[in-house]
Amino acid sequence: MNLAVEMTQISKRYGDVQALDQVSLAVEKGTIHALVGENGAGKTTLMKALYGALIPDSGLIRLNGDRVTLKSSREAIAQGIGMVSQHYGIIGELTNLENLILGAENGPVLTPAQNEQRAQELAQQMGFEFDWSAESSTLSPAGGQKLEILKLLWRNSQIMILDEPTAMLSPQDSDALYASLKQLAASGTTIIVVTHRLPEVFEHCKRVTVVRGGCLIADHEVAEVGATQLAEEIVGGSVIERPTPVSSASGVTSLAVSDLEVKGDKGQVAVKGISFDLKAGQLVGIAGVDGNGQRELFHSIIGYAKPIAGSITLNGDSWIGASIGERIIAGLRVIPEDRHHEGVIEDWTLFENSSLGLQRLAEFSNIGAGQAELAPRMAEKFSTKHGGLNQKMGSLSGGNQQRFVAGRALEIYPKLILAFQPARGLDLNSTTKVYREIRRRCDEGATAVIVSFDLDELLDFCDRILVMNHGELYEPKPEEARDRTAIGRLMVGAA
Amino acid sequence: MIDLIKQCITMSIPLVLIALAGFFSERGGVINIGLEGKTLLACFFAVAFSSRFGPGMGLCLTIVATSLVSLLHWLLTQVYRMDHIISGMAINLLAAGATSFFKFKFAPDGLDDAHSPPKMLLYALGIIAPALLWWLSHKTRFGLQHRSAGSDPDKARLLGINPQGIRFMGLIGTGVLCALAGSLLIAETPQFTDGMTSGRGYIALAALILGGWRPVNAGLACLLFGAASALQIQYNGQYIPSEAWKSLPYLVTLLAIAGFLGRNRTPAGLGKP
């Protein structure tokens with residue numbers, strides 16, 4: 001076997017945390033290799049070591065058989081390694097061409113005409129199309145991902161690391177991406193894909209390496225391993241089953257939105273006159289690629305953004321003009337997108353955070369007593385790991401903050417649950433538990449609206465799926481309501 | 001009319017040089033409220049060095065000394081990670097105090113024996129500078145990396161760029177242009193007086209913001225502010241109180257920042273490590 005990458009017994013420690021413990025990874029040249037594991041398992045840390053973005057405490061790295069030490073990303077790039085991080089490395093204020101060449105210019109004075117010609121050649125080779133002089137802030141997530149791949153080609157990368165490349169893409173765009181990657185692999189490029197989506201591993205990758213808790217767990221030929229075994233290796237135990245979602249929807253309309261228009265932060269109309277009726281008991285997923293108006297729709301229902309037209313009612317009461325406080329009293333509970341900035345106050349203790357936003361409810365009329373009673377229940381609901389409820393929220397890891405925020409949203413008689421990417425930062429089984437609790441609240445008569453960019457997650461848990469694309473709302477035909485491909489087409493507006 | 005145009009140029013060109021000095025640091029991500037102090041020190045250096053070493057050598061030494069002050073700002077913000085605005089203000093206060101003190105100590109009768117380089121040369125530099133900086137910023141490797149450091153230093157770092165190194169170069173540029181501005185101000189009134197920059201550093205910064213951190217637009221904004229001051233001098237308080245004229249640049253800039261004059265173009269990485 002001709003190995004492009006050999007990482008041997010790599011270890012890295014951050015303070016008390018052993019992020020990597022003697023992890024080895026061997027990748028065959030010209031193949032697509034998957035690196036899988038839960039959040040915090042050490043996947044990204046291992047890849048950063050290969051990209052020179054961090055220096056391991058011990059271990060060896062060989063590229064094509066030669067031992068190398070990579071002290072910076074610059075050195076890794078010089079060795080032909082390229083990495084696309086989860087949050088793309090594209091700078092919105094620069095043009096597409098400038099982003100392509102940034103850091104790999106071919107001389108002190110730029111030669112735009114020549115650069116554009118080579119850029120165009122690379123794009124054609126991959127079947128991509130770009131307006132090179134446009135600002136990159138106008139790129140869609142799929143466009144950004146394509147530009148990232150061209151950036152690696154521009155740098156003649158022979159080894160490409162892609163961290164969760166499909167996290168923001170529609171199923172169709174994901175398939176197109178893997179088609180491009182296979183083409184590159186066939187021409188001798190070695191590709192390492194960090195992912196948590198197992199179907200991708202089985203469909204597109206040759207080998208798979210599993211890490212958990214900073215340790216190497218397994219290494220298989222994909223053809224020789226089953227989905228259940230792989231999932232159990234990732235979780236480190238049995239995987240909680242995800243039964244087909246069953247709706248307990250009554251005939252009663254709870255949340256009704258009609259002709260809603262909301263402006264986005266750049267002044268554009270982000271939500272373009274959408275209408276929908278949700279029943280009590282429904283767990284509704286809103287699918288779509290990031291940036292298609294989901295955020296603005298969310299903010300307008302929360303009361304954080306003021307719609308320019310249309311109506312929002314909950315159980316018949318109009319919410320236009322209602323304050324956020326009034327909506328919370330009416331039963332609005334939110335798991336926000338950005339828990340650091342929108343969900344918690346990191347300098348406050350868990351006790352104090354337990355009443356954040358809910359302080360106006362009767363449960364907190366005696367705030368100290370309310371916190372003492374409810375904070376432990378919120379923390380236990382999803383087994384938040386903490387060093388005492390009087391510790392600051394900032395001392396918790398991101399995943400544990402997310403557990404606490406989800407516990408808080410679901411504790412006190414929710415009527416309308418809004419969750420934006422609730423699985424963010426959570427492991428597989430915790431995600432299932434959060435959704436199970438949301439389902440339980442729906443069975444009691446609440447309505448839940450979930451925005452996620454991960455269609456598979458929504459299909460696993462929601463009993464109704466709506467799609468947002470360019471600020472418009474679509475509902476798949478009844479016979480295609482659970483058809484992944486059909487919903488994917490709606491996500492990219494190709495229906 | 002001719003007087004008015006002359007006056008307008010006299011008022012504008014120093015602003016152009018200072019605003020572009022600000023461009024060199026701000027577009028790379030370093031907030032520069034210290035332009036006032038750097039220019040004031042440059043004025044002082046210009047008199048002190050040119051009176052002793054003549055125009056050519058005097059200008060060179062002024063450039064070197066002002067660049068060193070500018071690099072002090074780099075050291076504070078990039079190495080010691082001090083707050084950009086506080087360190088900038090510190091430089092302003094240091095400049096005001098130090099120039100006053102040294103003038104009093106070494107030349108209590110006044111510092112006025114300057115041998116400035118020809119004014120025309122400095123004017124010419126001020127006129128071509130916006131175009132030159134546009135070229136530097138958009139057509140060279142340094143310019144591209146400089147903008148990337150000002151827009152998103154973390155992403156730039158992942159691409160193998162060293163934002164701190166790029167900003168080092170940028171702040172040398174700031175020093176050079178402040179030195180030219182200081183020399184020009186001295187060439188106009190061949191003596192140093194306390195606080196002789198009289199707020200030009202702040203007005204130039206306002207012009208840079210109004211120009212959306214783009215060299216040519218910033219130059220035009222300086223011309224606008226220069227014309228406003230020329231009119232004020234010409235019709236000294238005849239129609240509109242001079243205080244109102246003086247507040248004009250700040251007022252226009254406030255409107256610009258509030259988004260009344262088109263999209264806000266603040267570099268996203270301004271002030272980030």
Side-chain angles (χ1 to χ4, degrees), chain A residues 44 47-48 51-54 70-79 81-115 133 135-137 144 147-148 151-152 154-155 157 161 163 265-268, chain B residues 23 26-29 131-167 169-170 172-173 208-209 211-215 217 257-272:
Chain A
T44 302
M47 289 302 99
K48 279 187 173 166
Y51 190 55
L54 63 82
L70 303 166
K71 286 198 223 59
S72 69
S73 300
R74 184 178 277 276
E75 289 182 23
I77 292 167
Q79 294 280 351
I81 301 173
M83 177 160 170
V84 180
S85 66
Q86 208 170 340
H87 308 286
Y88 303 155
I90 288 175
I91 299 176
E93 292 172 17
L94 305 181
T95 68
N96 291 335
L97 187 63
E98 286 172 341
N99 264 306
L100 181 73
I101 65 174
L102 179 62
E105 306 85 352
N106 41 22
V109 176
L110 305 179
T111 49
Q114 205 181 319
N115 290 344
S133 52
E135 243 189 41
S136 294
S137 57
L147 186 58
E148 287 284 10
K151 273 166 72 177
L152 301 186
W154 180 271
R155 285 159 179 74
S157 299
I161 307 163
D163 194 354
D265 56 359
K266 292 188 191 98
Q268 82 287 17
Chain B
F23 174 83
E26 296 231 330
R27 197 60 192 82
L132 204 65
L133 251 73
W134 176 84
W135 180 83
L136 188 71
S137 185
H138 282 89
K139 299 290 166 191
T140 69
R141 173 167 65 193
F142 167 78
L144 179 58
Q145 298 194 350
H146 184 242
R147 279 185 290 138
S148 77
S151 290
D152 198 326
D154 286 333
K155 287 179 180 173
R157 213 168 272 125
L158 274 179
L159 291 166
I161 291 161
N162 175 1
Q164 271 63 40
I166 292 283
R167 289 167 179 169
M169 306 299 289
I172 290 179
L208 179 67
I209 295 168
W213 286 268
R214 297 171 190 192
N217 293 7
I257 294 175
F260 288 112
L261 305 173
R263 192 149 80 90
N264 194 346
R265 313 263 331 176
T266 316
L270 202 55
K272 284 192 192 157

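Letters A, B, ... are given to chains in the order of the sequence lines, protein chains preceding strands, and every chain is numbered from 1.
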**Request:** Kindly check if the number of other-residue, nucleotide or ligand heavy atoms within 6.0 Å of NZ (A/K48) is above 12?
**Result:** no
**Request:** Name the region of A/P112, side chain, backbone, both or neither, that has any atom closer than 4.5 Å to a heavy atom of chain B.
**Result:** side chain
**Request:** Nearest 0.5 Å please: distance from the OG1 atom of A/T95 over to the NE2 atom of B/H138.
**Result:** 8.5 Å
**Message:** So, taking the atom named CD in A/E93 and the one named CG in B/D152, what distance separates them when rounded to the nearest 0.5 Å?
**Reply:** 8.5 Å
**Message:** Quick check on A/I77 against chain B: is it the side chain, the backbone, both or neither that has a heavy atom closer than 4.5 Å?
**Reply:** side chain
**Message:** I want to check something: taking the side chain as every heavy atom from C-beta on, are A/S73 and B/R157 in contact at a cut-off of under 4.5 Å?
**Reply:** no
**Separation between CG of A/L110 and CH2 of B/W135, rounded to the nearest 0.5 Å** = 9.0 Å
**Request:** Identify the heavy atoms of A/G89 and B/L159 that sit nearest to each other, and give their distance.
**Result:** O-CD1, 4.2 Å
**Request:** Check each atom of A/S85 against the heavy atoms of chain B and say whether the ones under 4.5 Å are side chain, backbone, both or neither.
**Result:** side chain
**Closest-packed option against chain A by number of heavy-atom pairs under 4.5 Å, given B/G150, B/G160, B/A268** = B/G160
**B/K155 and A/L102: CA distance, side-chain angles, deciding distance, side chain to side chain contact (heavy atoms under 4.5 Å, CB included) verdict** = CA-CA 10 Å; B/K155 287 179 180 173; A/L102 179 62; over 6 Å; no
**Message:** So which residue, B/G143, B/A156, B/P267, ends up with the most heavy-atom pairs under 4.5 Å with chain A?
**Reply:** B/P267
**Complete:** d(B/I161 CD1, A/R74 CZ) to nearest 0.5 Å is 8.0 Å
